[in-house]
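Beneath this line is the structure, given in C-alpha cells, with notes to follow.
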Amino acid sequence: LSYLGSTSVSMKTILKDCETGQILASREHVVVRVDLVNRTPVKIPDWFRQAYGQYFALEKVRLWQLDEIPQKNEMHVHQKEITKAMIDYNEHTNYVFYIKMAIECIIDSLRQKHFKLTFVLDDFDRLPISKLQLQFQNESRFGDLVEVGCWQDKSDRDIMYSVISCREKICVKIKVEVHSLIGANL
C-alpha cells in the first residue's frame, strides 16, 4: 500500500523470482472510491483511515502519462459496442475489455501493414507484449459505442498506443511495448 489520498488509494505490487530477486512483473495503480449513483469520487471514510492508515507508506504512485494524442486521421480507428458481458460489478466496462480492444486494434493495424515492427512477427495472435501501461480517465457503460484508436510511436516501432473514447471523452489511454521472441528465454 503506497498512499492514502482523500478519495483514492495507491498500490504497488512487485512479483520477484525467489532465487534471483529478478522482477518478473510489477503493477502500480490508483483506485478511486466512486459514488455508484452519481459516478463521482467520494471521500474515503474516517473509519477506514483510522483502521488502515498505518499500513500506507507516504509514497505516491507515479502514473504513466500520455500527453500527445494524434488526430483521428493519423490513427487506425474502429468502433465497438459495449455489451453486458463487458460490464463489471461497478456497472462500467471492465479494464480487461479495454486491453482486449486496444490489442485487437494493434493486431489489425499490423495485419493491414499500417504498423511495422523491428522484428518479424509470424503469428499475429501471439503478440509478444513486454510492457503494458494503462491510464483510466473516464468510464464506458453497457450500450455505449466506444471508439478505439491506435498508433505507433514515432521513434520506437515496437511501442504502440491506444486511446479508447466514449461520448467525446477519453476513457483509457494504453501503451503497449512488444519484443522479439528470438533469443528470448521462455
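Proximity of I69 to Y161: side-chain heavy atoms (C-beta onward) are nowhere separated by under 4.5 Å. Using a 4.5 Å cut-off on side-chain heavy atoms (C-beta onward), I170 and N138 make no contact. By the 4.5 Å heavy-atom criterion applied to side chains, D108 and E104 are not counted as neighbours. Considering only heavy atoms from C-beta on, L110 comes within 4.5 Å of L127 through its side chain. For the pair I164 and K80, the minimum side-chain heavy-atom distance is 4.5 Å or more. At a threshold of 4.5 Å between non-hydrogen side-chain atoms, the residues Q137 and S165 do not count as touching. Looking at M160 and C150, their side chains never come closer than 4.5 Å, going by heavy atoms from C-beta outward. Residues L117 and R157 fail the side-chain proximity criterion, which asks for heavy atoms closer than 4.5 Å.
There is a path of hydrophobic side-chain contacts, each under 4.5 Å, that joins F48 to M11. Using a 4.5 Å cut-off between side-chain heavy atoms of Ile, Leu, Val, Met, Phe, Trp and Tyr, with links allowed through other members, V96 and F136 fall into the same hydrophobic cluster. Under the 4.5 Å side-chain heavy-atom criterion for grouping Ile, Leu, Val, Met, Phe, Trp and Tyr, L132 is connected to I107 within one hydrophobic cluster. L4 and Y55 fall within a single hydrophobic cluster, where Ile, Leu, Val, Met, Phe, Trp and Tyr are joined by side-chain heavy atoms under 4.5 Å apart, directly or via other members. Transitive grouping of hydrophobic side chains (ILVMFWY, heavy atoms separated by less than 4.5 Å) brings I44 and W47 into a common cluster.
What you find for M101 and V148 is that their closest heavy atoms are O-CG1, 3.7 Å. Pairing each heavy atom of F142 with each of I87, the nearest pair is N-CD1, 3.3 Å. The two residues S6 and R49 have their closest heavy-atom pair at CA-NH2, 3.1 Å. In plain terms, the two heavy atoms of Q79 and L145 that are nearest each other are OE1-CD2, 3.5 Å. Scanning all heavy atoms of the two residues, the minimum distance from V37 to D35 falls at N-OD1, 2.7 Å. Residues M75 and W151 approach most closely at SD-CE3, 3.5 Å, considering heavy atoms.
Of the possible donor and acceptor atoms, none in the side chain of E91 sits under 3.5 Å from a partner among the backbone N and O of R141. Although no hydrogens or angles enter the test, the distance criterion places no donor-acceptor pair under 3.5 Å between the side chain of R39 and the main chain of V34. The backbone N or O of N90 sits less than 3.5 Å from a side-chain atom of D88, completing a donor-acceptor pair. Between the side chain of T93 and the main chain of S140, a donor-acceptor pair closer than 3.5 Å is present. For D144 (side chain) and V146 (main-chain N/O), no donor-acceptor pair under 3.5 Å exists by modelled atom type.
The CD atom of E177 sits 9.0 Å away from atom CG of D153, with the distance rounded to the nearest 0.5 Å. To the nearest 0.5 Å, atoms CZ (R33) and NZ (K43) are separated by 10.5 Å. To the nearest 0.5 Å, atoms NZ (K113) and CZ (R111) are separated by 11.0 Å. Rounded to the nearest 0.5 angstrom, I99 CD1 and I129 CD1 are separated by 8.5 Å. Rounded to the nearest 0.5 Å, atoms NZ (K173) and CD (Q135) are 4.5 Å apart. Residue D158 holds its CG atom at 8.0 Å from CD of Q152, rounded to the nearest 0.5 Å.
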side-chain hydrogen bond (donor to acceptor under 3.5 Å, both in side chains) for Q50 and D46? Distances and angles first, verdict last. CA-CA 6 Å; Q50 291 169 356; D46 290 335; 5.8 Å; no
Apply the test side chain to side chain contact (heavy atoms under 4.5 Å, CB included) to residues E147 and K72: give CA-CA distance (whole Å), side-chain angles for both, the deciding distance (0.1 Å), then the verdict. CA-CA 10 Å; E147 190 168 78; K72 281 185 193 177; 2.8 Å; yes
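Checking S162 against Y98 by side-chain atom types alone, no donor-acceptor pair falls below 3.5 Å.
Taking a 6.0 Å sphere around OH of Y52, one finds it holds 12 or fewer heavy atoms contributed by other residues, nucleotides or ligands. Sparse packing is recorded around CD of Q71, with 12 or fewer heavy atoms of other residues, nucleotides or ligands lying under 6.0 Å away.
Classified by interplanar angle (parallel below 30°, tilted 30° to 60°, perpendicular above 60°), the ring pair H76/H114 is tilted.
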